[in-house]
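Each chain gets a letter, A, B and so on, in the order its sequence line appears, and its residues count up from 1. Bear in mind that the values here come from a model prediction, so they are computed numbers and not experimental data.
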Amino acid sequence: MNHRIVAVLTWLALLTLWLPLHAAEVTVFAAASLTESLNEIAAAYETQSTDRITFNFGASSTLARQIEEGAPADIFFSADEAKMDRLEGKGLILKETRKSFLSNSLVIVVAADGGAMIESPKDLVTDKVKRLALAEPNSVPAGIYAREYLEKQHLWSAVEAKVVPTENVRGALAAVEAGNVEAGIVYKTDAAISRKVKVACQIPARDTPDIRYPAAVVRGSKRLEAAKAFLEYLATEEAGKVFERHGFVVRKPGSPP
Amino acid sequence: MTAQEWQIVWFTAWVAALSSLAILPVGLPAAWLLARRDWPGKSLVETLISLPLVLPPVATGLILLKLFGRRGAIGGFLHDRLDLDVVFTWRGVLLALSVMSLPLLVRSARVAFEEVDPRLEQIARTLGAGNLRVFCTITLPLASRGIVGGMILAFARALGEFGATIMVAGNIPGKTSTLSLAIYQNVQLGQDAHAFRLLGVSVALAFMAVWGSELLLRKARRKP
Amino acid sequence: MSLLLRHIRLSLGGFSLEMDAEFHGRITAVFGPSGAGKTSLLDLVAGLRRAQSAFIQLGDQVLTDTVQGVSVATRHRGIGYVPQDLALFPHLSVRENLRYGCKSGGATSPLFGFERILEILEIQPLLPRGVTELSGGEKQRVALARALLASPRLLLLDEPLSSLDLNLRRRILPYLARIRDEFHLPMLYVTHDRFETLALADEMVVLIDGRVAQTGTVQEVFSRPANLAVAGLFTVETVQPGRIVKTADDLVTVAVGSALLTAVEGNLPANTREVYVCIRAEDVILLKGGDSPSSARNHLAATVRSVTREGPFLRVEVSCGFTLTVLLTRQAGEELALETGDRVVALVKAPQIHLIPRSA
């Protein structure tokens with residue numbers, strides 16, 4: 001009789017050890033603009049699954065670089081296709097898991113109190129704006145999108161000298177909040193999270209460059225199944241509602257760009 | 001090396017040199033006071049001056065950003081009254097470099113002052129010299145080697161400054177981009193060739209600075 | 001010019017310096033063993049130190065008065081200082097050191113004449129040299145000249161010769177005497193050497209453990225020490241004024257009182273006439289009951305004036321044309337059975353008589 005009790009207890013103990021080990025921790029490298037929405041989605045996911053989700057938010061360019069150097073990411077959620085293409089070209093992602101279902105829009109923001117009076121994007125070239133904060137316009141997606149927009153509007157050459165490049169899009173937001181720059185161009189979703197800035201003008205959809213947020217599982221991920229599972233979840237309607245609530249535009253998978 | 005890269009090198013060198021000069025009017029009197037006088041609150045000042053040595057540079061940068069930003073205590077005054085901006089300009093770079101390298105100068109200068117025999121200063125007074133004259137003709141010349149050594153240390157530190165600089169001045173091409181910031185930037189962009197060229201220049205500059213200070217030390221040792 | 005040092009109280013580590021004195025002489029020697037507070041006293045007079053209590057007045061000017069809160073800054077006191085370690089500025093040349101105290105703008109040339117000082121102290125050839133290349137004696141003279149060129153009203157010297165060897169000392173002494181004679185500059189001269197004191201000072205103050213043990217003229221203090229402690233500082237019992245009457249080879253004949261002594265010349269400056277004759281009591285041998293040839297050059301017929309016991313010794317004062325003090329072991333004294341009035345012969349070897357130049 002005693003032997004059996006010991007055996008059962010040992011088996012239970014091993015089970016309790018095995019379960020957490022078996023429950024995976026999925027690491028997601030995601031664009032900074034996704035911070036609030038992904039945190040919320042992950043919290044909801046964790047109530048349904050034993051897996052844990054951890055995030056590394058930053059500029060997609062930085063994250064891509066880190067993955068290239070071997071950082072232990074399971075999922076890469078980028079703010080533009082170029083970074084994902086680069087990784088795919090190097091064979092660093094699982095092509096078949098790549099999805100693109102999120103989009104965003106750009107806004108010009110100014111400080112909420114006493115901010116500059118910007119009525120249209122053309123005001124950016126005037127003296128009202130001495131300094132304009134953008135995410136690094138050559139590498140970070142938010143900055144690239146902003147530059148592409150300004151170039152298309154023939155405003156870039158006049159504005160280029162005023163640009164204060166920041167590490168990522170949130171850095172641009174912070175600069176506007178602190179009042180160290182008169183204006184900044186960030187995602188609409190970023191402007192929404194800060195009460196210290198207000199939207200001076202929204203860039204209309206027809207003028208906005210094609211903003212896309214692709215996501216994929218990183219090759220070499222040690223938690224393949226868990227990663228795929230979470231990626232699937234991100235594309236569900238449940239997750240989509242959270243994204244929309246934060247101001248993102250959710251595309252149906254397979255719908256035209 | 002492209003023209004832009006040379007611009008970064010020259011900019012870095014001259015702002016670092018300027019900062020080594022800019023810290024003198026604050027650093028030397030502070031070092032002298034710490035070496036020669038005792039006063040209530042002295043240990044507080046000693047600690048404050050040493051802080052940038054011990055704090056993570058980005059932490060120091062953050063403090064400077066808050067103080068000198070347009071809404072900051074000092075920055076606000078400068079912006080509103082004097083129409084002067086510090087954050088995100090070359091002045092921000094100068095500020096970051098100066099604050100980070102000041103403790104090195106103060107430490108070296110303080111030791112140099114302490115090593116000047118106070119008897120010499122006293123005798124100079126009996127010969128009719130006032131405090132300023134004693135400082136300029138006796139104390140300073142005798143401490144000069146240690147002070148110059150401190151300035152070289154400060155210069156070398158300023159050359160390599162990153163954390164505080166990126167906080168306070170950002171990395172604006174052509175305006176606030178220093179060698180360290182540019183190297184970081186190039187690595188981010190995947191432009192490793194650029195990064196390595198700039199790295200080469202950094203090594204060369206650092207080498208010259210340390211070599212120069214060694215030469216000075218050797219001269220000091222040779223003199224009887 | 002008089003120097004008043006009143007109500008001085010300065011605490012120094014384990015003891016305190018206390019003094020209440022007035023000095024009027026040309027050179028006042030501050031005499032005492034090391035650690036007696038002599039350097040601190042000079043620092044006080046120069047304004048380099050503050051005392052718990054002090055009143056210092058030089059001539060008409062009050063320099064320090066702790067009661068009234070008066071403290072004239074060092075630079076305005078006009079007091080020259082030659083410290084023990086000389087404190088020559090190592091980064092300046094000799095010329096620059098000398099010029100340091102001269103008033104700039106050529107308003108007044110130094111009180112004592114630049115050229116004259118250089119001449120007296122013979123430092124003209126040293127001018128372009130660096131301070132670190134100088135010998136001990138040269139440094140001494142430069143430090144002296146530097147202080148003088150600042151036109152001081154009072155000169156403080158802290159054991160200026162103590163770090164020099166005997167030869168050098170004898171050679172620099174005359175320079176100091178020349179300074180005294182030519183410039184009439186009052187000096188406070190710290191020393192623990194009796195010969196320097198005799199040679200240069202008129203007055204002296206004896207400091208022991210921070211207290212004034214005795215003041216007076218040099219003659220008085222040396223020949224009549226106030227107490228055993230003071231006497232213990234001097235180890236020469238007989239100090240008498242004398243005059244050189246003849247020099248032959250390296251022997252000199254000195255008239256002391258009514259006696260004639262033969263002494264060795266020993267580095268006296270040429271043409272010295274007036275001297276002090278110093279004979280240590282233990283260097284004298286007494287013969288009783290007739291004279292005999294001996295190697296000693298000096299045989300003095302003497303009469304015993306007093307015999308005193310001093311522990312294991314006998315101190316015998318004899319009169320031989322001047323007063324001579326002799327120290328004998330008690331045993332020797334008993335064997336000779338010395339009593340007051342006895343006739344004896346005092347023997348002194350020529351090299352045991354020390355001569356010191358004396359200003360008349």
| said: Just to be sure I understand the criterion: a residue of residues 58-72 of chain C counts if one of its heavy atoms is under 4.5 Å from a heavy atom of chain B. Which ones qualify? | reply: none

| query | Does NZ belonging to B/K175 count more than 12 external heavy atoms closer than 6.0 Å? | reply | yes

| Who are the side chain to side chain contact (heavy atoms under 4.5 Å, CB included) partners of B/S19, not counting sequence neighbours? | B/L94, B/L97, B/S98, B/S101, B/A158

| B/W10, CH2: over 12 other non-hydrogen atoms inside 6.0 angstrom | no

| task | Evaluate whether atom CH2 of B/W14 has more than 12 neighbouring non-hydrogen atoms of other residues, nucleotides or ligands under 6.0 angstrom away. | result | yes

| task | Please tell me if the side chains of B/L127 and C/R146 come closer than 4.5 Å, counting only heavy atoms from C-beta onward. | result | yes

| message | Does anything in residues 24-40 of chain B form a salt bridge (Lys or Arg N to Asp or Glu O under 4.0 Å)? List the pairs, not counting sequence neighbours. | response | B/R36-B/E121, B/D38-B/K42

| task | Give a yes or no on this: more than 12 heavy atoms of other residues, nucleotides or ligands lie within 6.0 Å of atom CZ of B/R125. | result | yes

| Does C/R50 CZ have over 12 foreign heavy atoms under 6.0 Å away? | no

| request: Decide yes or no on side chain to side chain contact (heavy atoms under 4.5 Å, CB included) for C/L48 and B/R119, but give the supporting numbers first. | output: CA-CA 10 Å; C/L48 298 173; B/R119 209 37 162 170; 3.9 Å; yes

| request: Using heavy atoms and a sub-4.5 Å threshold, report which of residues 79-91 of chain C line up against chain B, by residue number. | output: C/I79, C/Y81, C/P83, C/D85, C/A87, C/L88, C/F89, C/P90, C/H91

| Roughly how far apart are B/T137 OG1 and C/L92 CG, rounded to 0.5 Å? | 7.5 Å

| field | Under 4.5 Å from a heavy atom of chain B, the part of C/A147 involved | value | backbone

